[in-house]
Amino acid sequence: MIPASFDYTAPTTLADALAALAQGGDDAKILAGGQSLLPVLKLRMAAPGLLIDLGKIDELRGVRMEGDTIVVGAMTTHHDVIADPLVREHLSLLAKTTEQVADAQVRYRGTLGGALAHADPAGDLGAVAVALDAQMRIAGPNGSRSVPASQFFTDYFTTALAENEILTGIAFDSFAGWGAHYEKFHTVSQAWSTVAVAAAVLVAGGTVTAARVALTNMGPTPIRARGVEAALIDGPASDDAVRAAALAATQGTAPVDDATAPAAYRSHLAQVLTGRAVLAAAG
Amino acid sequence: MAKITVAVDGTTYQDEVEPRMLLVQYLREKVGKTGTLVGCDTSNCGACTVLFDGVSVKSCSVLAVQADGHEVTTIEGLAGINGELHPVQQAFHDKHALQCGYCTPGMIMRSVSLLKENPHPTEAEIREGLNGNLCRCTGYQNIVAAVQQAADALATAGGAR
Amino acid sequence: MTTTEAPPAEIGRPRTRKEDQHLITGHSTFTDSMVLPGMVHLAMVRSPLAHATITSIDTTAARKAPGVVGVWTGRDFPEQGGLACAWPITPDMKSPVHLPVPTDTVNHVGEIVAVIAARTKAEAVDAVELVDVQYSELPVVTDLAAARDGSAPVIHGDLGTNVSATWVFDSGAAGTGGDASAAIEAARSDPDQIVVERTFRQQRLIPAYMEPRSTVCDPNGAGDQITIWSATQIPHILRTMLTLSQGIPEGKLRIIAPDVGGGFGGKLEVTPEEVATIMVARQLGKPAKYTETRSETMMAAHHGRDQIQHLTMSARKDGTITGFDVDLTANMGAYLALVGPGVPILGAFMYNAIYKIPAYRFSCTNVFTNEVMTDAYRGAGRPEATFAIERMMDELATELGMDPIEVRRRNWIRHEEFPFTTVAGLTYDSGNYEEATDKALRHFGYDDLRAEQQRRRESGDRIQLGIGTSTFTEMCGLAPSRVLGSLSYGAGGWEAASIRMLPTGVVEVVTGISPHGQGHVTGFSQIVADRLGVPFENVKILHGDTNISAKGLDTYGSRSLAVGGIAVVKAADKVIAKAKTIAAHLLEASEDDIDFAHGSFTVRGTESSVTIGDIALATFTGHNLPDGVESSLDSEAVFDPENFSFPHGTHLCAAEVDTETGKVTIRKYVAVDDVGVVINPLLVDGQVHGGLAQGIAQALYEEAQYSADGQLTSGTFVDYLVPSAVDLPDYITDKTITPSTSNPLGVKGVGEAGTIASTPAVVNAVLDAVRQFGVADIPMPMTPARVWQAIQDGSTAAGSNSSSTGGAA
C-alpha cells in the first residue's frame with residue numbers, strides 16, 4: 001500500500017519534462033493520470049527512482065482541430081474526452097469506449113495518453129486507437145515523430161516509446177457520421193475486459209461502405225480485425241451478413257489462456273462480440 | 001520532501017510530504033481526516049473516495065504532491081457547519097444504506113459527485129455510477145434507494161447544495 | 001388497568017439506526033485510525049512459498065534501516081504459544097502446532113516469518129525488503145482428494161497423515177432414523193425407486209469484509225493492563241484465548257472492538273497478527289499498531305467453504321426421499337483455525353433441511369493442504385448443506401421429470417407437524433414452508449415465467465431463461481451450550497447482558513455480543529424500550545469492550561438477537577421484578593396488586609401509579625426504600641438457549657443465460673424469509689439484502705484460487721471478483737412470520753439466511769436454463785466461460801455424476 005521512495009518533479013513545459021526524463025534515464029517513469037501506475041507502485045511491482053508528473057503541462061491537455069485532424073492531448077482525462085464536443089462529433093467510438101473505462105473516479109484522473117502508453121492488452125482504448133488508425137504523437141530529445149497506432153503497441157505493456165520519449169497527443173481523422181460501438185465483455189463490472197470489440201461503420205442504404213474493427217485482449221496488443229472489415233465492406237448491414245463477417249475476427253489473434261477464460265472461449269467471444277459491436281454500430 | 005499547500009474541507013494546510021505519500025495517507029495521517037478510509041491496494045473498493053476540485057477521485061490513487069494547490073472535500077467536510085447533514089448523508093441514514101459503515105464515506109462522496117453529473121439518474125445509472133465502490137454489507141439495494149431519495153431531495157432544494 | 005394510551009410498540013418499527021451518525025459524517029473509530037503516543041508501526045515479512053523449511057533469516061540490514069526499532073523472527077518470541085483450535089471434533093483429531101510466527105517451517109503462502117517495528121508504517125514496510133530469508137522448498141499439497149486418499153506428501157510429518165479427523169453421524173446408530181446405507185442399497189434394487197448420486201464442489205471463498213484487519217496494543221495501562229483494540233468479531237473470546245494460548249493473565253487483558261468494518265465470520269479468529277502485535281508491544285514496552293493491506297488480507301486471513309461434497313439420495317418414483325448419504329472432504333488449510341474443524345460439522349444437521357428424510361448418514365473428513373486456513377464465513381457449514389440438498393432436490397426433480405417445487409412439497413414438513421424432530425436429531429420448533437412458498441410464488445409470477453421459458457426454448461432464443469428454487473431452513477442462534485458440549489466445542493453458547501438504571505432516566509444496557517454493522521444497538525434499544533416502557537432514545541447499548549462488557553461470547557452464527565437479545569430481555573425482567581417491590585412500597589400497596597405496563601407500576605383498580613424512572617431515581621436517592629431492599633434496580637442475566645432458532649424461507653431466482661457468451665443475468669429474485677417476529681424490518685431487509693449479495697456472488701463470481709505450487713492467484717480485488725452494484729439485481733423481499741417458540745420474543749436469526757438460501761437458487765436457475773443442451777452441472781462460480789463451455793460440452797456429466805434407476809427400470 002506504500003510505494004517505495006521516489007523523487008518527484010512536476011515540470012510545467014514539455015521541454016522541461018523531456019529534460020527531466022533525459023536526466024532520469026531508465027530510473028524515471030512518467031506519471032500521467034496515475035490510475036494504473038499508482039496501484040503498481042503501491043503493490044511494489046515497480047519502484048522507479050523518479051516520477052515525472054505531466055499534470056502541470058497545459059499544452060498536453062485538451063482536444064483541438066488541426067485542419068481535418070482531431071488531436072487529443074495525451075493528458076486529457078477520460079472524463080474530459082467523453083465530454084468534449086469535438087470528440088462527440090468526430091470520434092463517437094472514442095467517446096463511447098471511454099465511457100466504459102473503469103469507473104467514474106478513475107475517469108476523472110486517468111488520461112487517454114496514460115492509458116495508451118501503459119499498453120495493457122486488456123485496456124479498452126488501444127483498440128480504439130488501432131481501429132481509427134490514430135497517429136501517436138511522440139516527443140523526444142531530438143524532436144517529434146508520429147507513429148501509427150498499429151505500430152505503437154509492440155507487446156504486453158510495451159510500446160514504441162523510447163525511454164527518453166513522451167507521448168504528447170493522439171491524432172485522429174474525423175469519423176463524423178460513422179456509427180460506433182464498443183462491445184465490452186467482462187465477468188463483473190470492475191473486471192478488465194475478457195474480450196472487447198471496437199467497431200465503427202459507415203452504412204449507406206443498408207450497405208456497409210466503410211468499417212473499422214479492432215479487438216481488445218485477443219493478443220499482446222490491440223488487434224485490427226482487417227479480415228472482418230474486408231468481409232463487411234460492400235455487404236449488407238444485416239444480422240446474417242454481419243455475423244458471417246464477424247467469423248473472421250479470430251484471424252491473426254493470439255488470445256491468452258488463463259483462469260478467467262480459455263483461449264478457445266476468447267476466440268469464440270471475439271466472433272460473437274464483433275458481430276454485436278458492428279450491428280450496434282450500424283444502428 | 002516536497003512542500004504542498006492543500007485546502008481540505010475548507011482549511012488550508014501547508015506540509016512537507018514525501019513524494020510517495022498517497023493523498024489518502026496525507027488526509028488520514030497528516031491532516032487527521034480519519035473519516036476517509038482505505039479498503040484495498042488496487043484502487044477497486046472506492047472506500048477512499050473524496051472530492052478533488054469538486055469531483056470524485058480515489059485518494060489512494062492520487063499522490064499528496066499532486067494535490068498541491070488543489071481543494072479536497074472529505075466526508076468530514078460534507079455536513080453543514082451546524083452539523084446539518086448533506087441530503088446524501090441524510091438519505092443513507094433514512095434508507096439504511098450502511099451497515100458496518102466502512103464503504104460509507106467513499107460511497108457517499110461518490111454519490112455526491114454522481115448527482116452533480118446526473119441530478120436525475122435512473123436506477124441503472126445509479127448502479128453504473130457507483131461501480132467503482134464496493135460494499136460487502138448492504139447488497140447495494142438500499143444504497144441505490146438512498147441515492148434516489150437524495151436526488152429527489154436535491155431537486156426539491158433547487159440544487160442549492 | 002390505566003386508561004392512558006399505550007405508546008406505539010417499538011418492536012416491529014422500522015427505526016433508522018442509532019449507529020449511523022458518526023459513520024455518515026466521517027467520525028468513525030476504526031482501529032487503523034487510532035494513534036497512541038509513542039506508537040510504533042509494524043510490517044510483516046511473509047513467506048512467498050507455500051511449504052518450505054526456513055534455513056536462515058538475516059535481519060541485519062533491516063535492523064539498520066532508518067526508523068526501524070526492532071526486527072523479530074519466530075525465535076525472538078520465546079514466549080509465543082501455539083494458536084489454539086477451540087473445536088476438537090473428535091478425540092483423535094490431529095492438530096499441528098500453529099505458531100503465530102513460525103520458527104522452522106512455513107506451511108502456506110503469507111505466513112509471518114519476521115515482524116518489523118518502525119517509527120512510521122512506511123519505514124516498516126521499506127525494511128521488509130531488507131530481510132533476507134532463505135528457504136528450502138518442500139512439496140506442496142493443494143489437492144483435497146489427494147490429501148484425503150493418502151497419495152499426497154504428508155505436510156505435517158509429525159502427524160503422519162494429511163487427514164485431521166473424520167466425523168460421522170448415522171441416524172441408524174443415533175436412533176433418530178433408519179440406516180441410510182441400507183436404505184440406499186435397497187433402493188438400488190427396487191424398481192420403484194431411484195438413486196441419484198452427485199459430486200459438488202464448494203469453492204473456496206474469501207470473506208472480503210471491507211475493513212482490513214488491524215490491531216493496536218497498548219502494553220502500558222495502569223495496573224499492568226494490556227489494552228488491545230482489534231478489528232474483531234470476538235473481543236471476549238479473543239481475551240480468553242490469548243490467556244489460554246499465550247499465557248497472558250486474563251485479568252491483565254482489556255480487549256476493545258471499536259467500529260469494526262464487517263466480519264461475516266472472517267473476523268471470528270484469534271490471529272497470528274494480533275498475537276505478534278501484542279508480543280512486540282510488550283517486548284518494546286510501547287504501543288504498537290499493525291494494519292494489513294488488502295493483499296495481506298486475501299493471502300493470510302482465513303478463507304471459507306472449500307469442500308468436495310459427494311451425495312447419494314434414494315427416492316421413490318413419486319418423489320418421496322427414502323435415504324440420503326453425505327460424504328464430505330473439507331479443506332482445513334495448513335492448520336486448524338479457531339473453529340475451522342467444526343464449520344463443516346455445523347452443516348451435518350442441515351443436509352436433511354426441511355424434508356422428512358427417513359434415513360440419513362453424514363461423514364466429513366477434514367484434510368490439511370498448503371493453503372491458508374478455512375474457518376467461518378457467513379453461514380459456516382449451513383450454506384454448504386443447503387446448497388447440497390437444494391441442488392439434489394432439483395436433480396431428483398429432473399431425474400423424475402417432476403416440477404422442482406412439487407418434489408419439495410412431497411417431502412417437506414407440513415406446518416401442522418411442528419414441533420418436528422428431524423432425522424439429524426434436532427427439533428424444529430416452528431415453521432410454515434407452505435405459506436412462505438406460496439407467497440414467493442405469487443411475488444415471482446411463477447407460471448408466467450415458466451410460460452416465457454417455454455416460448456424461449458421453442459423459438460431457440462439466444463437468451464434462455466431458467467428458474468431456480470431454494471426452500472431452506474437453517475439452524476442458528478449459536479447455541480445451546482449442551483449441544484455444543486456434545487459436539488466437543490470448547491465453549492458454551494450462552495450470552496450475557498446487564499442493565500443499569502441511571503437516575504436521570506437513561507437505561508444502560510450492556511451486552512456480550514459484539515456488533516460490527518448489524519444494527520444491534522438500534523434493535524436492542526427497541527426491545528428494551530418496549531420491555532421497560534421507556535423511550536427508545538433513553539436506551540443506551542454498550543458493547544465491545546471487555547472492561548465494560550465483562551462477560552460475553554460475541555457475534556457470529558446469527559446469535560446476537562436470538563441469544564443476546566433474549567439475555568437483555570431476561571435482564572430487563574429482573575429490573576422490573578426489583579422495581580415492583582419498591583413500587584409496592586411507594587404506592588403503599590401489596591406487591592400482588594401491582595401491575596406493570598408501558599413503564600408504569602399501577603395499583604390494580606386505582607389511578608395510583610409510579611413510573612420505572614421514578615423508581616430508578618428513588619433507588620439513587622435511597623431515601624425511601626423497603627427494609628432489606630438494595631438500593632439498585634440494576635440487573636444481570638445470562639441466557640442459554642434450549643434450542644436453536646430455525647429461520648426458513650423460499651427463494652426463487654429467474655436467470656437469463658446468454659447462450660452465445662455464457663453470461664448469466666439475474667432477471668428476478670424473490671426472497672420470502674421467515675425469521676419469526678421482526679424487531680425492525682429495516683434491519684431485517686438489510687441483512688437479507690447483504691446475505692443475498694454474498695450468496696449470489698458465490699454462485700456467479702467469487703473463487704479463491706491456488707496454483708499447484710500453492711500461490712494464491714486471486715490475491716487482490718482485481719482477481720477476486722466482489723460484485724459491485726451493477727452486478728447484482730434488485731431483490732424482492734417479503735416475510736412470513738411464524739414465531740419461534742423457543743424464546744420469549746419469538747425471534748430467529750437473520751444474518752446468514754440470505755447467503756444460505758441464495759446460492760442454490762441461482763445455480764438451479766442457471767442449470768434450468770441450460771439443461772436442455774445436455775448440461776448436467778456447472779462448477780461454481782458459474783463464470784461466463786464455464787457456462788459457455790458447459791453448453792458446448794452438452795453431454796458432460798455432473799461431477800462424477802452417475803444416476804441410475806433401480807432394478808429392471
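Keep in mind that the numbers below use all heavy atoms, side chains included, and drop hydrogens, waters and symmetry copies. Throughout, protein chains are lettered first and strands after them, A, B, ... in sequence-line order, and every chain is numbered starting at 1.
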Exercise. Within a reach of under 6.0 Å around CE of B:Met1, are more than 12 heavy atoms found that belong to other residues, nucleotides or ligands?
Worked result: yes

Exercise. If you count heavy-atom pairs under 4.5 Å between each of A:Asp7, A:Leu31, A:Val188 and chain B, which one has the most?
Worked result: A:Leu31

For this session: Check each atom of A:Leu41 against the heavy atoms of chain B and say whether the ones under 4.5 Å are side chain, backbone, both or neither.
Result: neither

Problem set entry | B:Cys40 versus chain A, the contacting section by heavy-atom distance below 4.5 Å | backbone

Problem set entry | With A:Leu38, the side chain to side chain contact (heavy atoms under 4.5 Å, CB included) member among B:Leu63, B:Leu23, B:Thr42, B:Asp41 | B:Leu63

For this session: Verify the distance criterion only: is there a donor paired with an acceptor across the side chains of B:Glu18 and A:Ser5 at less than 3.5 Å?
Result: yes

Exercise. Do other residues, nucleotides or ligands put more than 12 heavy atoms under 6.0 Å from A:Lys184 NZ?
Worked result: yes

Exercise. B:Ser43 versus A:Gln105: any side-chain heavy-atom pair under 4.5 Å?
Worked result: no

Problem set entry | Nearest-0.5 Å distance, CZ of residue A:Arg109 to OG of residue B:Ser56 | 11.5 Å

Exercise. Should B:Lys58 and A:Asp103 count as an ion pair when the cut-off is N to O under 4.0 Å?
Worked result: yes

Exercise. Any chance CD of B:Glu123 has more than 12 other-residue heavy atoms, nucleotides or ligands included, within less than 6.0 Å?
Worked result: yes

For this session: Please confirm whether the backbone N or O of B:Leu22 pairs with a side-chain atom of A:Lys42, one donor and one acceptor, at under 3.5 Å?
Result: no

Problem set entry | Segment of A:Leu51 engaging chain B (4.5 angstrom heavy-atom cut-off) | side chain

Problem set entry | Contact origin within B:Thr49 toward chain A - heavy atom pairs under 4.5 Å | side chain

Exercise. Which answer fits B:Val62, side chain, backbone, both or neither, if we ask what part of it has an atom under 4.5 Å from a heavy atom of chain A?
Worked result: both

Exercise. Looking only at heavy atoms, which two atoms of A:Gln190 and B:Asn131 are closest? And how far apart?
Worked result: NE2-O, 3.0 Å

Exercise. Are any non-hydrogen side-chain atoms of B:Gln66 and A:Asp53 less than 4.5 angstrom apart?
Worked result: yes

Exercise. Does B:Glu71 CD have over 12 foreign heavy atoms under 6.0 Å away?
Worked result: no

Seminar exercise, completed: Nearest heavy-atom approach of B:Arg20 to A:Phe6 is CA-CZ, 3.3 Å

